[in-house]
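Below is one structure; the comments refer to it alone.
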2 protein chains.
Amino acid sequence: MPENQQDPLKEIMKKAGIKNTKHRNLIFDLLQNAEEPLTAEEIFISLKDKSSSICLSTVYRTLEKLMSGNLLLKTNISDDGKARYELNHDQHKHYLICMKCNKRISIADCPMKEFEKALKDQANFDVIQHKLEIYGYCQDCKTSPQLKR
Amino acid sequence: MPENQQDPLKEIMKKAGIKNTKHRNLIFDLLQNAEEPLTAEEIFISLKDKSSSICLSTVYRTLEKLMSGNLLLKTNISDDGKARYELNHDQHKHYLICMKCNKRISIADCPMKEFEKALKDQANFDVIQHKLEIYGYCQDCKTSPQLKR
DNA sequence: GTCGTTGCAAATTCTTTGCACCTGA
DNA sequence: TCAGGTGCAAAGAATTTGCAACGAC
């Protein structure tokens, strides 16, 4: 059923003139199965186990390549100085980030759907993309909120 | 009229046990008058002219201090690896960022107002804060969109 | 006078780059 | 074959830290 989803990587990489290599496939797979956006280092560490030799610069270079093919999105929002990468799903999602336990809860809903139209009409601005992260306290932590920093 | 807004800095700093110094006031003033969030380096350069001697680490340390007093918000969204700081206005705003000319257009409206209620009800998540940046093409650039990177 | 703040320089952390070798198409 | 990918080490950029001198309260 997901025919055009089956192997978008090879196809898109071919289109973009990006060679298909072992590392790239591993990194793509990892991101595909990730619950949340990953940092370059997280990817690096995770791959070191599977792949005998990979270095961090390859990870960065691969991430940049995949971004140039619009396969990935980069997020810097989390204020910790580390960029995070996630697959550029067509249906995008956002995260609720608990300020106490740092848990990330992904949500499918997005408040921008309506808003984009208003911006187009009122500000004459064509929205292509947006980034949104929502901070607060999750179910478990809301009883005793306490800032981490 | 804005009586409790008159000098929130001194008051809040006193509360937080933060000493009131020349540099800190300058940095706060700068951010207060800034049209958009500033990077540490922008603040540093701007202050070097006014204040005979200031160093970048003081800027960073001051920003951190002011953040710990909840006077500032930090934004890392712009994917350029530089953190930006802005005053934690009670009425918050968001930016439309043109992907061609990099212009930032601030907007007062926020799509989260309604959404927060839904999150509280549906996900049992208490929203404290959120970060949103909107990318696209502005009025001037929408006729000939062209990505910069 | 005391304790927090600052300047300076050095250290850290994240990311990028140069170069020689390797690999997929 | 050969352009593009990779490992390694070194460079760069943003931010943090140690320490001694300084300044606010």
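The sequence lines fix the lettering, A, B, ..., with proteins before strands; numbering per chain opens at 1. Basis for what follows: all heavy atoms, side chains included, without hydrogens, waters or symmetry-related copies.
Proximity of A:Arg24 to the phosphate of C:dG24: no side-chain N or O atom is located under 4.0 Å from OP1 or OP2. For A:His23 and C:dT23, the shortest distance from a side-chain N or O to OP1 or OP2 is not below 4.0 Å.
Residues that satisfy the salt bridge (charged side-chain N to carboxylate O under 4.0 Å, His left out) test with B:Lys14, not counting sequence neighbours, are absent from this structure.
One can place CG of A:Leu63 at 11 Å from P of D:dT6, the figure rounded to the nearest angstrom. Distance CZ (A:Phe44) to P (D:dT6): 14 Å, rounded to an integer number of Å. Rounding to whole angstrom units, NZ of residue B:Lys48 and C1' of C:dT6 are separated by 15 Å. At whole-Å resolution of the value, CG in B:Leu47 and C1' in C:dG7 are 15 Å apart. Taking atom CD1 on B:Ile18 and atom C1' on C:dG4, their separation rounds to 11 Å, with Å as the unit. In this structure, CG of A:Asn25 is placed 16 Å from P of C:dT23, rounded to the nearest angstrom.
Heavy-atom minimum distance, A:Val59 versus A:Ala40: CG1-O, 3.6 Å. When every heavy atom of A:Asn88 is checked against every heavy atom of A:Asn70, the shortest pair comes out as ND2-O, 3.0 Å.
A donor-acceptor pair under 3.5 Å is absent between the side-chain atoms of B:Ser46 and the main chain of B:Ile43, judged by distance alone. Side-chain N or O atoms of A:Lys131 include none that pairs as donor or acceptor with a backbone N or O of B:Lys131 at under 3.5 Å.
Side-chain contact between B:Phe115 and A:Asp109 is present, with heavy atoms from C-beta onward closer than 4.5 Å. Residues A:Leu87 and A:Phe28 form a side-chain contact, since some pair of their non-hydrogen atoms from C-beta on lies under 4.5 Å apart.
A salt bridge does not link B:Arg104 to B:Glu35: none of the charged nitrogens lies less than 4.0 Å from a carboxylate oxygen.
Residues B:Tyr95 and B:Leu73 do not share a hydrophobic cluster, defined by chaining ILVMFWY side chains whose heavy atoms lie under 4.5 Å apart.
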Per-nucleotide pairing state of DNA chain D [Watson-Crick or G-U, under 3.5 Å; [ ] pseudoknot-crossing; | other strand]: |||||||||||||||||||||||||

Which parts of nucleotides 14-25 of chain D does protein reach within less than 4.0 Å, heavy atoms only, written one letter per nucleotide 5' to 3' as B for base, S for sugar-phosphate only and - for none? SBBBB----BBS

